[in-house]
Amino acid sequence: MPITDALGIDEQRLPVVDAHTHTCGSDHDGPPQDVVACLDGCGVDKAFMFAPLLRPQGWELAVEHLDDVRRNNDYIAHFCSYAPERLIAFAVLNPNPAIAGGDKRRAVELMIEEAERCYHELGIRGIKMVPDRWTPEDEEALPLLEALARLGVYVVFHCGIFMDGRSSSFCRPTFYEGIHRVDGFHGHLAHLGWPWVDELVALLMMESYHREPNPDDPWQLKADFSFGPPPDWRVESLLKALDSLAPDQLIYGSDAWWPQTPEQYAKHSLVPHLTAFEAAADLSRQGGGDDPERRARLRTGVFHGNVMSHWAKATRGVPQNLKPADSAPQTGNTWRGH
Ligand SMILES: [Zn+2]
């Protein structure tokens, strides 16, 4: 029985896209068939699949890790080519100056080259980035942001405190004001920016002021509510987002790390996020009140439509075109989740 039936909210099946999941590397994730089986088992239509993040911390990176960035991006293109309708590949870019021997501008040039390679040679349309030793406010980073908008990719940024001890101070919501300089840029910030939820909500509210209003394409940035917030803050954080953001700015993402069985994914990802959403929507002035159809529209937007419409604008309708490699690419120096 689908989980949404068990919660009594599914007269018609709730379409679900998980806009935030992580792979960990070639010797760890298991085959893509298992990911698709997990999605099938939990009634999830598509998942954003991030290439493995680098294991070395930002302050440990060196020129040699540039090869790992490329190998890990090769890997995610190959992995997702198994089921391109279901698995949306996201390359990881890392314009950390250390990757170019401390040269900020050169690091950005290298990442523009890698973005173009990912787009044209690997057929990838999504990019994941974790600012560390750089921020989107840096003048040096601007050419990369412009290149991503020009290519037509969807960009997910980490936003908020890391729960596993890595540097977070480059990931504060306010640094993403730098995105507002780049017309045509589309993407989202993760985790509601916890613990800087107020700052994230303020940033996203400013989206409607920073340029000429365009009712057909109003947002550069949306936000996923992947936890993120520890249990005590989940409903409170979501309530702030639901009350103050536009209803189409909030996106479901789980921050699940593969591999996962359907039981694990349901227990740790889909059900907690769905129940937190319902609890917050019950309290929210935008939750639909006693009108179940309004609630259903909100829910379907958050779990499916809000990210898919944003994806279509980011990519201008150009589908990913992933080609399997002749042999499965091996990853290097990957981070193994929380
Ligand atoms: Zn994550």
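As the structure lists them, so they are numbered: ligands from 1, and atoms in each ligand from 1.
With 2.8 Å as the limit, H20 counts as an N, O or S neighbour of the Zn ion (ligand 1). Under 2.8 Å from the Zn ion (ligand 1) lies an N/O/S atom of H22, whether from backbone or side chain.
The ring pair (Phe, Tyr, Trp, His ring centres under 6.0 Å) search around Y265 returns none, not counting sequence neighbours. Not counting sequence neighbours, H78 has no partner by the ring pair (Phe, Tyr, Trp, His ring centres under 6.0 Å) test.
Taking the ring centroids of H22 and H20, they lie under the 6.0 Å cut-off.
The atom of D255 nearest to the Zn ion (ligand 1) is OD1, with the search restricted to N, O or S atoms.
The nearest pair of heavy atoms linking N72 to L54 is ND2-CD2, 4.0 Å.
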